[in-house]
K.L.:
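Supplied in structure tokens, the structure appears directly below.
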Protein chains: 2
Amino acid sequence: MRPPELDTFDLRILRELQEDGRLTNAELSERIGLSPSPCLRRTRQLEEMGLIAGYQARLDAARLGLGVLAFIQVHLERQVEEAARDFEAAVLALPQVVACDSVTGDSDYLLQVVCEDLEGFAHFAHDILMGIPGVRGVRSSLALKRVKEHRRLPLDQLKPVPKSADSAAEKAGIYGAGSQKGM
Amino acid sequence: MRPPELDTFDLRILRELQEDGRLTNAELSERIGLSPSPCLRRTRQLEEMGLIAGYQARLDAARLGLGVLAFIQVHLERQVEEAARDFEAAVLALPQVVACDSVTGDSDYLLQVVCEDLEGFAHFAHDILMGIPGVRGVRSSLALKRVKEHRRLPLDQLKPVPKSADSAAEKAGIYGAGSQKGM
DNA sequence: TATTATTTCGGCAGAAGCTGCCGATACTCA
DNA sequence: TGAGTATCGGCAGCTTCTGCCGAAATAATA
């Protein structure tokens with residue numbers, strides 16, 4: 001997937017909203033150096049393009065009494081085509097699993113699991129996870145300390161389009177019917 | 001850390017805001033079955049108590065051209081007291097690292113890293129990460145497919161306080177000076 | 001059980017913010 | 001250089017926010 005070409009304003013909007021998702025449009029427009037109208041337009045477009053996938057409150061798991069975060073490497077049975085599909089479906093339905101990726105390396109999936117306490121985690125790992133058909137084995141690591149968890153994407157790595165150049169053609173593609181660029 | 005005792009309304013607020021962090025207070029109050037005034041009051045309290053740590057826009061990394069998510073297990077040199085402190089400080093300053101936990105098991109830290117492409121990732125792993133003093137070795141897994149990534153805490157695991165019981169004493173402690181519970 | 005104290009509720013009103021429309025400006029392309 | 005296009009900023013009606021009020025519900029006490 002090719003990155004859409006965003007100018008500095010767009011990147012600033014993304015950056016600010018990634019920091020504070022409840023910024024008012026008025027405040028946001030001030031911070032990025034644009035008046036409210038075009039700022040709101042751009043934000044809506046970023047949402048419609050799916051670059052902003054949504055907004056969410058970040059909750060403090062520990063303070064809420066969800067004290068255990070575990071990373072679980074999962075190995076599935078080989079040669080079972082349906083195993084992966086079934087496992088993914090099962091994982092999607094488990095609220096304790098807050099993230100799940102299929103990964104390279106010596107396991108098939110990496111799960112991130114949140115539980116109240118070790119007892120709850122033990123129950124999850126043994127009775128629930130190991131009970132999913134196709135699961136051959138798991139290996140768990142418990143998070144001892146959350147060193148960094150802001151989860152903000154490194155937008156600084158992206159270089160803005162200078163807003164001059166082929167801006168017209170670019171916008172036509174991005175904001176318009178979007179019939180180019182091999183979508 | 002003991003979980004603060006939240007009633008059903010509080011839990012509903014957390015649930016809804018975890019789903020959509022930009023809900024208007026009017027809409028939120030409707031959904032939880034309370035009028036706007038007390039709803040806003042409760043939300044503000046949840047923020048002040050730190051249960052709501054913040055709000056953020058969830059961006060689509062892939063569509064933004066940040067196509068690589070990697071999980072990196074990091075081993076530090078043993079017997080080096082400062083290694084951990086220095087490593088954590090270094091990690092905090094690296095924008096590519098979107099999350100970092102110190103973990104149990106056969107590595108010291110688990111990093112989640114976002115890069116534009118494999119080239120960028122290779123550069124990060126070799127030139128940046130391995131360049132941090134005290135790092136003995138790393139092992140990487142690349143995410144092939146994000147099966148689940150909503151990152152919503154399983155609030156259903158928590159049981160609400162019936163709103164009767166010792167509500168008065170509880171509120172005094174939580175909402176007031178907060179001088180109890182070993183803070 | 002009756003009374004008092006405390007807490008939380010719902011409603012209201014001024015202030016702030018949203019949002020769709022307008023003309024004006026800057027830019028591109030022929 | 002001139003026509004066409006896209007983005008800007010401003011405005012106005014509407015929604016939403018937010019702090020303050022009295023009322024209702026709950027808890028503590030006698």
Side-chain angles (χ1 to χ4, degrees), chain A residues 4-14 16-17 19-49 51-52 54-55 57 160-181, chain B residues 4-14 16-17 20-49 51-52 54-55 57 160-180:
Chain A
E5 293 167 354
L6 306 167
D7 66 16
T8 333
F9 288 129
D10 295 317
L11 287 177
R12 278 189 215 160
I13 289 175
L14 294 176
E16 294 295 336
L17 288 180
E19 287 263 349
D20 181 357
R22 290 213 71 147
L23 272 181
T24 65
N25 183 59
E27 174 71 17
L28 177 60
S29 65
E30 262 187 47
R31 293 198 191 178
I32 70 168
L34 214 53
S35 70
S37 296
C39 178
L40 183 64
R41 259 190 305 262
R42 282 166 178 268
T43 306
R44 292 284 174 271
Q45 272 162 354
L46 292 169
E47 290 168 358
E48 282 160 23
M49 292 161 71
L51 299 182
I52 298 177
Y55 300 87
V161 162
K163 188 174 177 43
S164 54
D166 55 344
S167 168
E170 159 204 346
K171 298 302 182 186
I174 294 175
Y175 298 151
S179 56
Q180 67 191 64
K181 275 209 282 190
Chain B
E5 293 167 355
L6 306 168
D7 66 17
T8 333
F9 289 129
D10 294 317
L11 286 177
R12 279 189 215 161
I13 289 175
L14 295 175
E16 294 295 336
L17 288 179
D20 181 359
R22 290 214 72 148
L23 272 181
T24 66
N25 183 58
E27 173 71 15
L28 177 60
S29 66
E30 261 187 49
R31 293 199 192 179
I32 70 169
L34 214 53
S35 69
S37 295
C39 178
L40 183 64
R41 258 192 304 263
R42 281 164 178 268
T43 306
R44 292 285 174 270
Q45 273 162 352
L46 293 169
E47 290 167 359
E48 282 160 23
M49 292 161 70
L51 299 182
I52 297 177
Y55 299 87
V161 162
K163 190 176 176 42
S164 56
D166 54 342
S167 168
E170 159 204 346
K171 298 302 181 186
I174 294 176
Y175 298 152
S179 57
Q180 67 193 62

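Below, all heavy atoms of this structure are taken into account, side chains as well, without hydrogens, waters or symmetry copies. Each chain gets a letter, A, B and so on, in the order the sequences are listed, and its residues count up from 1.
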K.L.:
Separation of Glu30(B) atom CD from dC17(D) atom C1', in whole Å?
P.N.:
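To the nearest whole Å, that distance equals 15 Å.
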K.L.:
What is the distance, to the nearest angstrom, from the CD1 atom on Ile32(B) to the P atom on dT8(C)?
P.N.:
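For the pair Ile32(B) CD1 and dT8(C) P, the rounded distance is 14 Å.
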K.L.:
Need one value for Thr24(B): base, sugar-phosphate or nothing, where a base atom within 4.0 Å counts as base even if backbone is also close, heavy atoms only.
P.N.:
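Result for Thr24(B) = sugar-phosphate.
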K.L.:
Hey, are Glu27(A) and Arg31(A) close enough for a salt bridge, meaning a charged N less than 4.0 Å from a carboxylate O?
P.N.:
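Looking at Glu27(A) and Arg31(A), the cut-off is met.
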K.L.:
Using a 4.5 Å cut-off on heavy atoms from C-beta on, say whether the side chain of Leu11(A) contacts that of Asp7(A).
P.N.:
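No; the side chains remain at least 4.5 Å from each other.
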K.L.:
Do the non-hydrogen side-chain atoms of Leu34(A) and Arg42(A) ever get within less than 4.5 Å of each other?
P.N.:
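Leu34(A) vs Arg42(A): side chains touch.
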K.L.:
Testing Leu23(B), Leu40(B), Asp20(B) for side-chain contact (heavy atoms from CB on, under 4.5 Å) with Leu28(B), which one passes?
P.N.:
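With Leu28(B) as partner, Leu23(B), Leu40(B), Asp20(B) yield a single side-chain contact (heavy atoms from CB on, under 4.5 Å), made by Leu23(B).
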K.L.:
Taking CG from Leu28(B) and C1' from dT15(D), how many angstroms apart are they, rounded to a whole number?
P.N.:
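From Leu28(B) CG to dT15(D) C1': 16 Å.
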K.L.:
Over how many whole Å does the gap from Gln45(B) atom CD to dT18(D) atom P extend?
P.N.:
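Roughly 15 Å, once rounded to whole Å.
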K.L.:
Dump every N/O contact between nucleotides 19-24 of chain C and the protein below 3.5 Å, one line per pair.
P.N.:
residue	atom	partner	partner atom	Å
dT19(C)	OP2	Arg44(A)	NH2	2.5

K.L.:
Closest-nucleotide mapping onto DNA chain C: is Arg22(B) or Leu34(B) further toward the 5' terminus? I mean the 5' end.
P.N.:
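That would be Leu34(B).
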K.L.:
Check whether Arg12(B) reaches the backbone of Ile32(B) with its side chain - one donor and one acceptor, N or O, closer than 3.5 Å.
P.N.:
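Yes; judged by distance alone, with no hydrogens or angles, the pair exists.
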K.L.:
As a test of reading the structure: which of dT8(C), dC8(D), dC18(C) is closest to the side chain of Arg42(B), going by heavy atoms?
P.N.:
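The answer is dT8(C).
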K.L.:
Quick one: Asp7(B) CG to dA27(D) C1', roughly how many Å, whole number?
P.N.:
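Rounded to whole Å, this separation is 16 Å.
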K.L.:
For residues Glu47(B) and Tyr55(B), is any side-chain donor paired with an opposing acceptor at under 3.5 Å?
P.N.:
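Checked: Glu47(B)/Tyr55(B) side chains pair up, N/O donor to acceptor below 3.5 Å.
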K.L.:
Rounded off to whole Å, could you give me the CD-to-P distance for the Glu27(B) and dC17(D) pair?
P.N.:
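Computing the Glu27(B):CD to dC17(D):P distance gives 10 Å.
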K.L.:
Quick check on DNA chain D: between Gly33(A) and Ala26(B), whose nearest nucleotide comes earlier from the 5' end?
P.N.:
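In this pair, the answer is Gly33(A).
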K.L.:
Calculate the interatomic distance between Phe9(B) atom CZ and dA25(D) atom P; express it in whole Å.
P.N.:
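After rounding, the gap between these two atoms is 14 Å.
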K.L.:
Taking the side chain as every heavy atom from C-beta outward, state whether Leu14(B) and Leu6(B) have any pair of such atoms under 4.5 Å apart.
P.N.:
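Leu14(B) vs Leu6(B): side chains touch.
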